[in-house]
Amino acid sequence: MEGGIPRAAAEELDAADPLAGFRDRFVITDPELIYLDGNSLGRLPAATPDRLREVVEEGWGEGLVRSWQGWIDWGARLGDRLAEHVLGARPGEVVISDSTSVNLYKLAGAALDAAPGRGTVLMDAEDFPTDRYILQGLTAQRGLRLRRLASGLDGGLDLDVLRSALDQDVALVVLSLVSYRSGALLDMAKVNELARAAGARVLWDLSHAAGAVPVDLAATGAELAVGCTYKYLNGGPGSPAFLYVREESQAELRQPVWGWFGQREQFRMGPDYDPVPGIERFLVSTPPLLSLAAIDPALALVEEAGMARIRAKGLLLGRLVDDLADAWLAPLGFRPASPRPPERRGSHVSLYHRDAWRICQTLAADAKVVCDYRVPDRLRIGPSPLYTRFTEIWDALARLRQVAAGRAYASRPTGLARVT
Ligand SMILES: *Cc1c(COP(=O)(O)O)cnc(C)c1O
């Protein structure tokens, strides 16, 4: 294709890619399909089906209830691995449980209960919907004030806006490290420092960050965090989420869902709730074992590749998206809807186009490119460094250019699907 960057440049990047071999460790049934939605649901690791078969047939089928002896602490063991390789936390500070929404509720509730004299929660007005709804519910239930900070759809939250909203009434600040729509990346250390100076806690949502950007919860002084395992961590649809509570804060915080998995000497079945002092006090109930099991082989791939190499490739993939978008797509009504350069965002990139939804549908139906659409008019392109090739980015943007130029998308319905 004429103009911009020759395909050979993408081929060279693939040839020099130290992570290129990881693509074969995923199930790829249709090599022509370009999958750029790893930020919504990561691909299936090739080792996962066998691992699940083993857990189902041996653990469940043969072992039956006896298998719980080994299963009982999988959430904590996987949490320790995630802490070490992905989150920059210490052993005993991360555990896998429940969903991101539920973990957000638990940790935000714990933080609010620990700050009885303060009445305000701050959040980004453009944060992911579940975060907004959970915090609306929590603050309404407790008669607190939720302040939604205005932030840029494309550029993310300006820290000056946060700085001027922080006062002695703020109990909690809830923010996503990487914005789900624009990919804007916040400065975790800086936010933690600003909040601490005002006596407020920070709860981070790492859903679009974990497995995409290196996170160092310990070094940045983070206290609370939650996030998904089914996006860049490839744990599978609905795989349980993680939560992090800094060790020094664990005994002091008590979460609002008092389940038996947080209980001291759980199987003594004592009369009153008396949670363990450690991270497991933030657990509630029996884990979804099969989904938990799927996180193990997925995490092994991230551990082997290492977050530094994953980020390095993510930046190069992002730069290629930027360069091709400028060369090919800007003349067709697209404009960047993410911060630049790629160092200022997570792994995904958004592009504005007034017909983004119809273009997105046409790309999937006619051109075998799966990316996603986010309201109101954004096309979200989510390369995942473990399995996305540079040539796939080149091919996907060439197909996108063709779809946008051909205007075949104009015949598609404008009404949104049940899932976008
Ligand atoms: C994906 C995502 C979630 C998902 O929450 P679930 O409870 O798993 O449905 C939550 N928050 C953010 C910021 C996300 O990106």
Side-chain angles (χ1 to χ4, degrees), residues 36-43 75 78 82 86-87 94-109 121-138 146 148-149 151 153 156-157 172-186 188 191 202-213 215 217 222 224-244 255 257 282-285 287-288 291-292 294-295 298 338 345-350 371-375 378 380-382 384 418-420:
L36 297 175
D37 215 349
N39 55 322
S40 253
L41 176 63
R43 277 190 183 274
L78 286 166
L82 201 58
V86 177
L87 301 176
V94 176
V95 72
I96 313 272
S97 76
D98 302 312
S99 65
T100 301
S101 304
V102 170
N103 286 336
L104 194 83
Y105 180 86
K106 291 179 334 195
L107 295 195
V121 175
L122 300 182
M123 76 175 309
D124 178 341
E126 299 299 337
D127 210 337
F128 192 81
T130 208
D131 300 58
R132 290 184 277 114
Y133 308 152
I134 294 282
L135 294 174
Q136 275 174 23
L138 262 175
L146 178 62
R148 289 178 258 186
L149 305 176
S151 88
L153 223 51
L157 182 69
L172 179 65
V173 179
V174 180
L175 292 170
S176 287
L177 182 60
V178 172
S179 156
Y180 81 99
R181 184 163 26 208
S182 67
L185 175 66
L186 282 172
M188 185 179 262
V191 169
V202 182
L203 167 52
W204 288 99
D205 190 326
L206 304 177
S207 291
H208 274 88
V213 299
V215 174
L217 291 167
L224 305 166
V226 299
C228 292
T229 60
Y230 52 77
K231 293 173 178 167
Y232 292 101
L233 295 173
N234 311 308
S239 58
F242 61 86
L243 67 81
Y244 156 86
Q255 54 101 352
V257 189
F282 300 97
L283 296 179
V284 176
S285 51
S291 286
L292 196 56
I295 296 175
S338 293
R345 56 187 197 235
S347 200
H348 68 275
V349 191
S350 285
C371 50
D372 68 13
Y373 162 83
R374 284 292 170 259
V375 287
R378 302 289 195 273
R380 197 170 63 161
I381 297 173
S384 193
R418 169 87 172 80
V419 178
T420 69

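In listed order, ligands and their atoms are each counted from 1.
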Taking 4.0 angstrom as the limit and counting only heavy atoms of [X], give me the atoms of ligand 1 inside it, by number and element.
| X | result |
| --- | --- |
| His208 | 15 (O) |
| Ser176 | 13 (C) |
| Cys228 | 1 (C), 2 (C), 3 (C), 4 (C) |
| Ser99 | 7 (O) |

Shortest protein heavy-atom distance from [atom], along with the residue and atom involved:
| atom | value |
| --- | --- |
| atom 13 (C) of ligand 1 | Asp205 OD2, 3.2 Å |
| atom 3 (C) of ligand 1 | Phe128 CE2, 3.5 Å |
| atom 2 (C) of ligand 1 | Lys231 NZ, 2.4 Å |
| atom 8 (O) of ligand 1 | Tyr230 OH, 2.6 Å |

Quick one: do the [X] and [Y] side chains pair a donor with an acceptor below 3.5 Å?
| X | Y | answer |
| --- | --- | --- |
| Ser350 | Arg181 | no |
| Ser97 | Asn103 | yes |
| Ser101 | Thr130 | yes |
| Thr229 | Ser239 | yes |

I'd like to know if Asp98 and Lys106 make a salt bridge, using a cut-off of under 4.0 Å between side-chain N and carboxylate O.
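Salt bridge flag = yes for Lys106 with Asp98.
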
Presence of salt bridge, Arg132 and Asp127, under 4.0 angstrom
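Salt bridge absent between Asp127 and Arg132.
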
Would Lys231 and Phe242 count as a cation-pi pair here, with the cationic atom under 6.0 angstrom from the ring centre and within 45° of the axis?
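Not flagged: Lys231 not positioned over aromatic ring of Phe242.
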
Does any N/O atom on [X] come nearer than 3.5 Å to any N/O atom on ligand 1?
| X | answer |
| --- | --- |
| Ser101 | yes |
| Tyr180 | no |
| Thr130 | no |

What do we get for Leu104 next to ligand 1 when only non-hydrogen atoms under 4.0 Å count, side chain, backbone, both or neither?
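Contact part for Leu104 vs ligand 1: neither.
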
Looking at ligand 1, would Ala241 count as a contact under a 4.0 Å heavy-atom criterion?
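Contact check Ala241 vs ligand 1: negative.
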
Quick check: does any side chain N or O of Arg380 sit under 3.5 Å from a backbone N or O of Tyr180, one acting as donor and the other as acceptor?
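Checked: pair present.
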
More than 12 non-hydrogen atoms from neighbouring residues, nucleotides or ligands closer than 6.0 Å to CZ on Arg148, yes or no?
no

